[in-house]
Amino acid sequence: MKHKAIIFSSFSLLPLIFSPCFSFASSDVLLRGSSLSVEKHDSDTLSSPDKTFTCGFYGLGGNAYWFSIWFANSSDRTVIWTANRDKPANGRGSKVTLRGTGALAVTDADGSVVWEAHTTSTDACSLELLNSGNLVLRGPHRRKLWQSFHHPTDTLLPTQLLTKKNKLVSYLKGGEFHSGYFNLYFDHDNVLRLMYDGPDISSLYWPNPHFNVSTNGRTNDNSSRVAVLDETGHFQSSDRFQFNASDRGLRIKRRLTLDHDGNLRLYSLDDQSGLWIVTWQALPAQCIVHGICGRNGICVHTPEPRCTCPPGYEMQEPSDWHEGCKPKFNFTCSKPRDVEFLALPNTDYYGFNAVKNNNASFNFCRQTCLDSCSCLGFIYVESQRWCWTKSSLFNGYQVPSFPGTLHLKLPISIVASLEPIHNGSAPECSAARDQLLVDTSYGTIGKRVRWAYLYGFASAFGAVEILIFFSGWWILFRKRDVHCIVEDGYAAITSQFRRFNYDELKRATRNFKVEIGRGASGLVYKGVLADRRVVAVKRLGDVYHEEEVFWAEVRTIGKINHMNLMRTWGFCCEGKHKLLVYEYVENRSLDKHLFCGDVIEWRERFRIALGTAKGLAYLHHECLEWVIHCDVKPENILLDKTFEPKIADFGLAKLLQRDGANTQFSCVRGTKGYLAPEWALNLPITVKVDVYSYGVTVLEIVRGIRLSNWVMEKAGNEEQEAELTVFIREMKRRYQCGEDWGIEDLVDERLKGQYSRKQAGVLLEIGVTCLEEDRNKRPTMDSIVNQLLEVDDEP
Ligand SMILES: *[C@@H]1O[C@H](CO)[C@@H](O)[C@H](O)[C@H]1NC(C)=O
Ligand SMILES: *[C@@H]1O[C@H](CO)[C@@H](O)[C@H](O)[C@H]1NC(C)=O
Ligand SMILES: *[C@@H]1O[C@H](CO)[C@@H](O)[C@H](O)[C@H]1NC(C)=O
Ligand SMILES: *[C@@H]1O[C@H](CO)[C@@H](O)[C@H](O)[C@H]1NC(C)=O
Ligand SMILES: *[C@@H]1O[C@H](CO)[C@@H](O)[C@H](O)[C@H]1NC(C)=O
Ligand SMILES: *[C@@H]1O[C@H](CO)[C@@H](O)[C@H](O)[C@H]1NC(C)=O
Ligand SMILES: *[C@@H]1O[C@H](CO)[C@@H](O)[C@H](O)[C@H]1NC(C)=O
């Protein structure tokens, strides 16, 4: 099928020269109307004029084929580009065709298009492979309509530009072409970075996330965002990053590849053996790469890097470390006496620090972790009295120079059944033992250099990490740093959540079509992610004030984890686009159920009151840094399909130091009608403002009507009092005089008498005491939860 172009040595065929599709090609060219077929994948190929590169169908042994470009002379025919990496074509009947219409397409056996070169032009004449390894679709007058250099997969060749419009994405694992989780790309702050972008979290790991841009030797001043490897082996990026191949010089075949283990390596081809030699790599120690061992997994150098599971955990998926490890026990909120801590020296999990303390005793640190259900363990650095607790275990690594010890929280029964741990040795994991993480056959240069490097680097790494842990959140909130590009805070956030693209979210929400709510800080839309997860996407405006709100919200949700608080999946921060991605809660907000339309049953009402109280109690008392929500109201209480409440919208939330230092608010936060009197009186703000708002909400739950219409309109000289105030005064009078509440008059009449008198009485009492003017007389959320649990008749 393939047509070889004729080499024209003379101009005897003048008419052809004037045809727009005339080609001066001196080697294989695919002309318009012709194709390469998969059955003849050995011979139906295009070669570059110097025979370095070949292009055609590439099989990996099975019936799957990829339209690829590879090095003809490397021993394993190394692939440097793949068109249809995530959609292999069938081994029979598949074709690459330069169609009569001028489009280049890979079609499967059934004629369906699995890949197409996107060009606006329809007048392509020929396809040819250049000596540089660039596959070019040419139009009339040899114009380049499309080129593979603009669409790299995991490899950059000399002279190929890495720009703001493209990125390298690693393979998922060795020996296949599917897209993996590691990315090399220019970030929004103009810095060239490596990121682990996994299904659960995304995390930046190169350049060193513990340092700022300038300490890493980069700059974010140059917005051209372009990097290139030249033919001598010198790499130069517009953020001032550069390196030289260890064998710098001309006439050596090289490739810069983002390997499936997350490391970026420069390779040179040894012409004699056809093997690749590593002449530079981005990360000296493999365990610095984030995400390689999955959730809960720990990367250990033994000295080859490998993944293990901590004691009490086992591999989730025996063949795949990306899935990480799962606990062999059910982590319920166990009583302290059922829990034991197991010490793993020199071990850390990067990110997800729920609590940090830089002058804590071991026992204090231990107790803090015991007190919190969400704490999975803590790191303690004896020599410095440094303590931080972990709410999730990601990016685990063990290096001898890390000065801290991980104390892993485990059920006592598990700890008793474990073999004694040998001092300083790697954590055991039977299944993991033989699993070699990285391909170590890269050649001889890489290896020795790698390990010598590791230990020196790691000691700096450990020490610096600790400094940043204690300053990270603070840096995040300083005013001048309130930008998407704040590196330290940004790194802290990106290590907690998945980062989404704006385009991805735009697609998920079908261009922000279905609005499902309005928060204090933005509109909320329903969306469906590519993995079919239904989500709520909150879109914040672009004014400066809201930028602060964004970080406040992200900073707060990074610390919380409770079933009655809305779960966050991730965020997007691209220029002026700031979005948060939450779990989608089916039943909309409480106000919709209370004040309009449907009536909700008593059982549900009580459960909502209790769940909301539990969520607030967690915020007020359980997190070590207390959180004041500041905007508790029915609109911010979302209901899932079983009517379990989830408190949403932390855009106005405020973190408090536990030492009780009073917080100054620059302006009143919250919603009229739910605001405690302290706001108006300019008194210090405490968690009791939430207790007040909770009181209003509880009374509304019982009454089934809006009490919070805080109308203080002056009509002449007469002050028209709010319904709430009148109602409360009357309630208090009855309460204080020990009169009968008259519960029948107070409970929502739409319930038609179907409710528990005992529970209604307790809710009314709580409502009234929460609305005390003197905040010291208001109960705490903890005591409210206990009061409600006493009358809770559900098992
Ligand atoms: C590739 O290898 C063949 C023989 O194995 C050799 O003849 C040819 O010169 C090599 N090509 C290049 C570009 O090195
Ligand atoms: C980066 O960190 C270094 C050392 O910690 C500090 O001197 C420098 O001011 C920082 N630069 C910026 C832009 O924050
Ligand atoms: C920005 O980077 C590009 C590419 O490295 C370089 O050509 C250009 O001179 C740089 N601009 C400035 C202002 O440094
Ligand atoms: C790479 O080599 C060039 C030329 O010898 C030199 O100017 C440059 O500083 C080197 N870069 C690095 C990172 O060593
Ligand atoms: C954990 O709980 C699930 C269901 O609640 C049960 O099937 C499983 O056996 C439990 N696992 C252990 C180790 O107790
Ligand atoms: C650390 O705490 C101890 C006891 O609480 C105290 O005596 C000591 O001064 C503190 N050290 C620092 C550096 O704050
Ligand atoms: C572990 O080390 C500690 C102190 O370094 C020592 O007291 C203990 O006996 C050691 N345990 C084992 C099993 O070697």
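Note that ligands are numbered from 1 as they come in the structure, with each ligand's atoms numbered from 1 the same way.
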(request) Please work out whether the ring planes of Trp280 and Phe241 are parallel, tilted or perpendicular, with thresholds of 30° and 60°. (result) tilted

(message) Which label fits His151 and Trp146: parallel for a plane angle under 30°, tilted from 30 to 60°, or perpendicular past 60°?
(response) parallel

(request) Show the numbers, then the answer: is there a salt bridge (charged side-chain N to carboxylate O under 4.0 Å, His left out) between Arg142 and Glu128? (result) CA-CA 11 Å; Arg142 300 187 50 77; Glu128 61 186 274; 3.5 Å; yes

(message) I want to know if ligand 4 touches Asn244 in the polar sense, i.e. an N/O pair below 3.5 angstrom.
(response) yes

(request) Would you kindly check if the NZ (Lys) or CZ (Arg) of Arg539 is within the cone defined by 45 degrees around the ring axis of Phe512 and under 6.0 Å from the six-membered ring centre? (result) yes

Filter the ligand 3-protein atom pairs down to N or O on both sides and distance under 3.5 Å, then list them.
{"unit_1": "ligand 3", "atom_1": "2 (O)", "unit_2": "Asn222", "atom_2": "ND2", "d": "2.3"}
{"unit_1": "ligand 3", "atom_1": "2 (O)", "unit_2": "Ser224", "atom_2": "OG", "d": "3.3"}
{"unit_1": "ligand 3", "atom_1": "11 (N)", "unit_2": "Asn222", "atom_2": "ND2", "d": "2.9"}
{"unit_1": "ligand 3", "atom_1": "14 (O)", "unit_2": "Asn222", "atom_2": "ND2", "d": "3.4"}

(message) Whether the Ser268 and Trp276 side chains hold a donor-acceptor pair (N or O, under 3.5 Å, no angle test) is what I'd like checked.
(response) no

(request) Return yes if a side-chain donor-acceptor contact under 3.5 Å exists between Tyr185 and Asp187, otherwise no. (result) yes

